[in-house]
Amino acid sequence: QSALTQPASVSGSPGQSITISCTGTSSDVGGYIYVSWYQQHPGKAPKLIIYDVSNRPSGVSTRFSGSKSGNTASLTISGLQAEDEADYYCSSYTSSTTVVFGGGTKLTVL
Amino acid sequence: QVQLQESGPGLVKPSETLSLTCTVSGGSISSHYWSWIRQPPGKGLEWIGYMYYSGSTNYNPSLKSRVTISVDTSKTQFSLKLNSVTAADTAVYYCAGETPTGGYSWLTWGQGTMVTVSS
């Protein structure tokens with residue numbers, strides 16, 4: 001299975017909004033609602049921030065939102081804060097009943 | 001709340017078997033899916049496989065021939081075995097538990113354990 005495609009890096013200034021894309025196929029992202037997003041700070045375990053395309057786990061800031069159109073899912077972070085600087089990964093269930101991750105995106109807060 | 005803790009050797013010799021255990025505390029292992037995920041140094045996340053508490057499993061096709069994930073419900077543990085390891089298997093290995101509503105998203109994570117494959 002091929003990894004989902006994410007931009008290697010994105011950046012934004014405090015207070016701005018940024019969007020990270022995650023492109024797959026009709027056999028994964030496009031075919032299911034089971035798309036999730038994870039935030040990972042250096043040396044830490046990943047943290048789930050979005051599941052089922054657009055749902056936030058309890059305790060996750062409302063500044064994080066998710067959406068999907070066709071084979072591409074998106075994570076938007078509004079009101080960027082310094083603490084948002086981290087790596088972000090998308091993930092999807094697939095038609096082979098497996099799970100696939102994206103390559104990851106490094107977010108830099110300028 | 002559910003907590004996970006990985007345990008196992010930090011150093012494995014090439015061609016040998018990597019064995020890790022994940023202990024589940026603060027909740028029941030007898031529900032939902034449980035997964036192993038790894039991250040080579042400086043690289044991204046790679047899904048290894050998941051299992052349902054009943055014992056059914058599903059694996060990453062690229063690792064399927066070498067991987068076994070199993071559960072011990074009496075000990076509230078599940079384990080990972082990866083045989084015939086090479087340097088490419090050097091990574092931080094995480095165990096993770098599924099979001100209670102399901103959906104193959106991983107809400108609860110262990111802290112991760114670094115495994116180095118070297119002679």
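All heavy atoms count here, side chains included; hydrogens, waters and symmetry mates do not.
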Heavy-atom proximity to chain A below 4.5 Å, by part of [X]:
X: B/T101; answer: side chain
X: B/Q39; answer: side chain
X: B/Y50; answer: side chain

[Y] and [X], any side-chain heavy atoms less than 4.5 Å apart:
X: B/Y94; Y: A/P46; result: yes
X: A/Y89; Y: B/I37; result: no
X: A/V100; Y: B/W47; result: no

Q. What option among A/A45, A/G103, A/S36 has the most heavy-atom pairs under 4.5 Å with chain B?
A.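 The candidate making the most pairs under 4.5 Å is A/A45.
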(Q) Only pairs of heavy atoms separated by less than 4.5 Å count here; which of A/Y32, A/Y51, A/Y38 has the most with chain B? (A) A/Y38
Enter the distance from [X]:[atom1] to [Y]:[atom2] here, rounded to the nearest 0.5 Å.
X: A/D52; Y: B/T99; atom1: CG; atom2: OG1; answer: 7.5 Å
X: A/K44; Y: B/Q111; atom1: NZ; atom2: CD; answer: 9.5 Å
X: B/L107; Y: A/K47; atom1: CG; atom2: NZ; answer: 10.0 Å
X: B/L45; Y: A/D87; atom1: CG; atom2: CG; answer: 9.0 Å
X: B/S105; Y: A/I33; atom1: OG; atom2: CD1; answer: 9.5 Å

Q. With a 3.5 Å cut-off and no angle check, do the side chains of A/T98 and B/N58 form a donor-acceptor pair?
A.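 Result is no, nothing qualifies.
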Q) So which bits of residues 9-30 of chain B come within less than 4.5 Å of chain A, counting non-hydrogen atoms only? A)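 Heavy-atom contacts from residues 9-30 of chain B to chain A are absent.
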Using the rule that two of Ile, Leu, Val, Met, Phe, Trp, Tyr join whenever any of their side-chain heavy atoms come within less than 4.5 Å, decide whether [X] and [Y] are in one cluster.
X: B/V71; Y: B/Y33; value: no
X: B/F78; Y: B/V92; value: no
X: B/W36; Y: A/F101; value: no
X: B/L80; Y: B/W109; value: no
X: B/V67; Y: B/W34; value: yes

Q.
Quick check on A/E83: does its CD atom have over 12 non-hydrogen neighbours (other residues, nucleotides or ligands) under 6.0 Å away?
A. yes
(Q) Is it the case that atom OH in B/Y93 sees more than 12 heavy atoms from other parts of the structure closer than 6.0 Å? (A)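 Yes, enclosed.
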Q: Can you label the angle between the B/Y104 ring and the A/Y93 ring as parallel, tilted or perpendicular, going by 30° and 60°?
A: parallel
(Q) If I compare all heavy atoms of B/W106 with all of A/L48, which pair ends up nearest, and what's the gap? (A) O-CB, 3.5 Å
Q.
Can you tell me which portion of A/S96 sits under 4.5 Å from chain B's heavy atoms? Options are side chain, backbone, both or neither.
A. backbone
